[in-house]
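Note that the coordinates shown come from a computational prediction; the quantities given were computed from them, not determined experimentally. In what follows, every chain begins at residue 1, and chains take the letters A, B, ... in the order their sequences are listed.
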Amino acid sequence: MAAPHRTRQPAELEMIGGKGTRQRCWEAIRARRDGFTLLDIAHKAAADIATTKTYLQALEKGGFIEVGNRERGGHDEKHYRLAKDNGLEAPRLTRDGQPVTQGRAQEQMWRTMRIMGGDFNYQELAALASTSEVAVSPVAARDYLKHLAHAGYVTVVAQGKGRGAGGVANRYRFNPGRYSGPRPPMVQRTKSVYDPNLGRVVWQEEADHDDL
DNA sequence: TTATGGTGCGTTTGAGCGGG
DNA sequence: CCCGCTCAAACGCACCATAA
């Protein structure tokens, strides 16, 4: 918005209302599915022109939008229209229009934990969250659980008693009351946990000031 | 000792932005 | 309009601590 961001910023600063730039663009597109231009979307989504253009290119290559008639006159402004409505969530695409697999692991773990209900360790979570398309590694599950436990999304039911040959891993349990939405909480580089559903940082390394 | 869990660091990939 | 650079998040590996 008013911030003259020249490059990428941490998630909590880049997200506006918990929505990324592409999400806002996608919503603007769906609002004007009949016909829209680059500037139209960029203005409505409060996004940078170049960034909007990049996403429109990806959407076009992915077949989500189509180029319609050009603007009358000498302007080179393209008129797009929505070709494939993928729902509320903005399609995550690479620059070539290919679907993005990154981030799916956490999304699947987040969803799996909410469904399973009982207690589990990281290996069980990794196995259950893995699909034929996206495999969730035990390491990823372990790391994700650690941060979710700090943020209070999961509770340690049984501490990892014993290390060694007969070691038992920590057993966690998901707190249903902490389910904030479909978007999985993300672990930021600063070792803090940001919840895109709530649109704010829910845990930081030192201060645990916030409590439901 | 060895094996296993936990924690930290490095690499890879995607997203934003500017220039040609 | 297309290509490249930069930065942050996700993924993965390596090291450390500890119990059998």
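Residues satisfying the salt bridge (Lys or Arg N to Asp or Glu O under 4.0 Å) test with A:Arg30, not counting sequence neighbours, are A:Asp85.
Taking every side-chain heavy atom of A:Met186 into account, C:dA10 is the closest of B:dC17, C:dA10, C:dA14. Looking at the side chain of A:Lys146, the nearest of the listed nucleotides B:dG8, C:dC11, B:dC17 is B:dG8.
As judged by a 4.0 angstrom heavy-atom cut-off over every strand, A:Ala50 is placed among the base-contacting residues. When heavy atoms are screened at a 4.0 angstrom cut-off, A:Arg22 is found touching the sugar-phosphate backbone but no base atom. Residue A:Leu93 is in sugar-phosphate contact alone, with no base atom involved, counting any heavy-atom pair closer than 4.0 Å across all strands shown.
Each of A:Lys53 and A:Ser137 was matched to the nucleotide of DNA chain C holding its nearest heavy atom; the match closer to the 5' end belongs to A:Lys53. A residue-by-residue look at A:Gln123 and A:Thr94 shows that A:Gln123 has its nearest nucleotide of DNA chain B further toward the 5' end. Map A:Val139 and A:Pro185 each onto its nearest nucleotide of DNA chain C; the residue landing nearer the 5' end is A:Pro185.
Distance check, rounded to the nearest 0.5 Å: CH2 of A:Trp26 to CD1 of A:Ile65 gives 8.5 Å.
Between A:Tyr122 and B:dG5 there is a side-chain polar atom (N or O) within less than 4.0 angstrom of OP1 or OP2. In terms of phosphate contacts, A:Thr54 brings no side-chain nitrogen or oxygen within less than 4.0 Å of OP1 or OP2 of B:dG16. Phosphate contact (OP1/OP2 of C:dC1, side-chain N/O of A:Gln57, threshold under 4.0 Å): absent.
The CZ-C1' distance, from A:Arg171 to B:dG5, rounds to 14 Å in whole Å.
Taking all atoms of both residues into account, the shortest heavy-atom contact from A:Trp110 to A:Arg183 is NE1-O, 3.7 Å.
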Using atom types as modelled, flag every donor-acceptor pair under 3.5 Å from a side chain in residues 51-64 of chain A to any protein atom, sequence neighbours excluded.
| from | atom 1 | to | atom 2 | distance (Å) |
| --- | --- | --- | --- | --- |
| A:Thr52 | OG1 | A:Asp48 | O | 2.8 |
| A:Thr54 | OG1 | A:Ala50 | O | 3.0 |
| A:Tyr55 | OH | A:Pro91 | O | 2.8 |

